[in-house]
Amino acid sequence: MVRMVDVILKKRNGEVLSKEEIELFVEGYTNGTIPDYQASAFLMAVYFKGMNAEEQADLTMAMVNSGEQIDLSAIDGVKVDKHSTGGVGDTTTLILVPLVAACGVPVAKMSGRGLGHTGGTLDKLEAMEGFHIELTKEQFVKQVNDLKLAVIGQSGNLTPADQLIYALRDVTATVDSIPLIASSIMSKKIAAGADAIVLDVKSGDGAFMKTMEDAKALAEAMVAIGHQVGRQTMAVLSDMSQPLGNAIGNALEVKEAIETLQGKGPKDLTELCLVLGSQMIVLGGKAQTLVEAREMLEEVMANGEALRLFGELIAAQGGNAKVIEDLSLLPTAKFEKAVQAEHSGYITKMEADELGIAAMLLGAGRATKEDEIDLAVGITLHKKVGDYVEKGEALATIHANREDVAQSETLILKHMHIGANQVAPPALIGEVITCSEEK
């Protein structure tokens, strides 16, 4: 009989674990027979010794098998999911879901709430009055078959092992381990029933992975897991050294998503959605090439079909679809304050995470799970890296429901750096990682 202490010892010594040994850990910790101290020792051993591609796939599937799995086989077509590793102003899901669905690829999306700078996708959707994120499985499948799209909250019983293990990682300094991050993310995507997965892996100041090297390693690990367990998976590396788009805050980001679907969105947000969407269309089998897929996406954006479908999604889930024509129906903050540049020059750097904190201090995000979000508040940026600004010109506008916004204003002024010489904006899109590039 294999004992947990032997599994810990084996991984501590850098040896490769069998599928059975990994399942012993996941099942034992989930059912309470393996104590926190042994699980902590195991996670620290993985942190220092790592895991190979097969071990990571076995860990992922053990977590998938710890709970419910969503069966999407009743939905016609290839179900393609998208996951972003998160960042400041990342509104891509709200745009991609209708954009990709308008091209005929079914998008059965399960999203979460956000901890940190702003809310998650569900919080943003709830900025539209009446929008409900709970559907039964039958309603979910029927809506995707009827409309090609639905966005709901994650089931409470998906990957319970991951939830328990993540909570332990959080208090044992083992969060930033690539095998553990990769298996955590992929277990949720696989349990949610997707046939194919497109990953947006971000690097930079506002991302979880601060360097491109770490982001690439995580992307390669997740793509390898996907292919090991029979899911078509690819990843796009993207920049999060400055916020994506111009809006930080829930209702503000919904407004920006609608404007992007109207073809009037910020260039960087629009471009990232077209890049990710093209991959989703190809994996969904609706186009042979990325060029063809991009043309399809541009067409449904230009002819209004994607926006119309977004309205149908809102109406189907209880919201007021008139919001796509009248943005004033979104929650609006009582006060607006322009943050003015203290001197002239070029924006040379923006620290995305600090700007996200400035929005969180206004009430746009959660510091803890219990915090209430103010859906109306946030920040609109008027300048990005490479732009020129005159002294006294607005760098950003603060949207708040209280008059005292000094803390957020100070953070914006401190973390939007102005210099004498113009710099080029950071490259938005890095490498694309597919199975053929696995190490």
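Between Glu55 and Lys11, at least one side-chain nitrogen of the basic residue sits less than 4.0 Å from a carboxylate oxygen of the acidic one, meeting the salt-bridge criterion. Contact check on Glu298 versus Arg294 returns a salt bridge, with a Lys/Arg side-chain nitrogen under 4.0 Å from an Asp/Glu carboxylate oxygen.
Atom CE in Met51 sits 5.0 Å away from atom CG in Leu59 (nearest 0.5 Å). With rounding to the nearest 0.5 Å, the separation of CG in Asn320 from CD in Glu325 is 9.5 Å. Interatomic distance, OG of Ser66 versus CG of Leu164, reported as 8.0 Å (0.5 Å rounding). Here OG1 of Thr270 is found 12.0 Å from NZ of Lys264. Values are rounded to the nearest 0.5 Å. Between atom NZ of residue Lys189 and atom CG of residue Asp81 there is a gap of 4.0 Å, rounded to the nearest 0.5 Å. In this structure, the separation between CG on Leu272 and NZ on Lys202 is 5.0 Å, given to the nearest 0.5 Å.
Of all heavy-atom pairs between Leu309 and Pro98, the closest is CD2-O, 3.9 Å. The two residues Gly345 and Tyr388 have their closest heavy-atom pair at O-CD1, 3.3 Å. Considering all non-hydrogen atoms of both residues, Asp36 and Tyr29 come closest at OD1-OH, 2.7 Å. In terms of heavy atoms, Ala376 sits closest to Thr332 at CB-C, 3.7 Å. Between Ala364 and Asn250, the closest heavy-atom pair is O-ND2, 3.0 Å. Across Ala251 and Leu330, no two heavy atoms sit closer than the pair O-CD1, 3.8 Å.
Judged as a salt bridge (Lys or Arg N to Asp or Glu O under 4.0 Å), and not counting sequence neighbours, the contacts of Lys79 are Asp195. Listed by chain and number, the residues in a side chain to side chain donor-acceptor pair (under 3.5 Å) with Asp374 are Asn401 (sequence neighbours excluded). Every residue was checked against the ring pair (Phe, Tyr, Trp, His ring centres under 6.0 Å) condition with Tyr47, not counting sequence neighbours, and none meets it. For Asp205, there are no salt bridge (Lys or Arg N to Asp or Glu O under 4.0 Å) partners two or more places apart in sequence or in a different chain. Here Tyr346 pairs with nothing under the side chain to side chain donor-acceptor pair (under 3.5 Å) rule; sequence neighbours left out. For the side chain to side chain donor-acceptor pair (under 3.5 Å) test, residues two or more places apart in sequence or in another chain that qualify with Gln143 are Gln317.
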**OP:** List the steps and the verdict of side-chain contact (heavy atoms from CB on, under 4.5 Å) for Glu259 and Leu327.
**Re:** CA-CA 9 Å; Glu259 288 170 346; Leu327 295 173; 3.8 Å; yes
Original post:
When you look at Glu126 and Ile373, which way does the side-chain contact (heavy atoms from CB on, under 4.5 Å) test go after all the steps?
Top reply: CA-CA 11 Å; Glu126 287 179 344; Ile373 279 184; over 6 Å; no
**OP:** Show your working on side-chain contact (heavy atoms from CB on, under 4.5 Å) between Val282 and Leu290 and close with a plain yes or no.
**Re:** CA-CA 7 Å; Val282 170; Leu290 293 173; 3.8 Å; yes
**OP:** Quick one: do Ile379 and Val339 satisfy side-chain contact (heavy atoms from CB on, under 4.5 Å)? Show the steps, please.
**Re:** CA-CA 10 Å; Ile379 297 164; Val339 180; over 6 Å; no
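Residues His399 and Thr380 have side chains that bring a donor and an acceptor to within less than 3.5 angstrom of each other.
Ile165 is listed as a side-chain neighbour of Arg169, based on a closest heavy-atom distance under 4.5 Å. Looking at heavy atoms from C-beta onward, Val236 lies out of side-chain contact with Val201 at the 4.5 angstrom threshold. Looking at Leu381 and Pro243, their side chains come closer than 4.5 Å, going by heavy atoms from C-beta outward. Two residues are said to be in side-chain contact when any heavy atoms from C-beta on lie closer than 4.5 Å; Met301 and Met296 fail this criterion. Side-chain atoms of Leu395 and Ile347, non-hydrogen and from C-beta on, do get closer than 4.5 Å to each other. Taking 4.5 Å as the limit, every side-chain heavy atom of Asp200 sits out of range of all side-chain heavy atoms of His83. Looking at heavy atoms from C-beta onward, Asp214 lies out of side-chain contact with Ser203 at the 4.5 angstrom threshold. Considering only heavy atoms from C-beta on, Met234 stays 4.5 Å or farther from Ile433 through its side chain.
Identified under the salt bridge (charged side-chain N to carboxylate O under 4.0 Å, His left out) test for residues 384-393, with sequence neighbours left out: Asp268-Lys384, Lys383-Glu393. Residue pairs meeting the salt bridge (charged side-chain N to carboxylate O under 4.0 Å, His left out) criterion with at least one partner in residues 407-428, sequence neighbours excluded, are Lys337-Glu409. Residue pairs that meet the salt bridge (charged side-chain N to carboxylate O under 4.0 Å, His left out) test with at least one member in residues 303-323, sequence neighbours left out, are Glu305-Arg308, Arg308-Glu312. For residues 85-97, the pairs satisfying side chain to side chain donor-acceptor pair (under 3.5 Å) are Lys82-Thr92, Lys82-Thr93, Ser84-Asp90, Asp90-Thr92, Thr91-Glu253, with sequence neighbours left out.
Looking at Arg231, its side chain never comes within 3.5 Å of a backbone N or O of Thr233 through a donor-acceptor pair. Side-chain atoms of Glu354 do not come within 3.5 Å of backbone N or O of Ile412 as any donor-acceptor pair.
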In residues 416-424, what donor-acceptor pairs under 3.5 Å come from side-chain atoms, sequence neighbours left out?
{"from": "His417", "atom 1": "NE2", "to": "Glu351", "atom 2": "OE1", "distance (Å)": "3.2"}
{"from": "Gln422", "atom 1": "NE2", "to": "Gly386", "atom 2": "O", "distance (Å)": "2.8"}

Just distance, no hydrogens or angles: give the donor-acceptor pairs under 3.5 Å from side chains in residues 175-187, sequence neighbours left out.
{"from": "Ser183", "atom 1": "OG", "to": "Pro179", "atom 2": "O", "distance (Å)": "2.8"}
{"from": "Ser183", "atom 1": "OG", "to": "Leu180", "atom 2": "O", "distance (Å)": "3.3"}
{"from": "Ser184", "atom 1": "OG", "to": "Asp162", "atom 2": "OD1", "distance (Å)": "2.7"}
{"from": "Ser184", "atom 1": "OG", "to": "Asp162", "atom 2": "OD2", "distance (Å)": "3.3"}
{"from": "Ser184", "atom 1": "OG", "to": "Lys188", "atom 2": "NZ", "distance (Å)": "3.2"}
{"from": "Ser187", "atom 1": "OG", "to": "Ser183", "atom 2": "O", "distance (Å)": "3.2"}
{"from": "Ser187", "atom 1": "OG", "to": "Ser184", "atom 2": "O", "distance (Å)": "2.8"}

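Here the rule is side chain to side chain contact (heavy atoms under 4.5 Å, CB included) with Leu313, and of Leu149, Leu147, Val107 only Leu149 fits it.
Taking a 6.0 Å sphere around CD of Glu292, one finds it holds more than 12 heavy atoms contributed by other residues, nucleotides or ligands.
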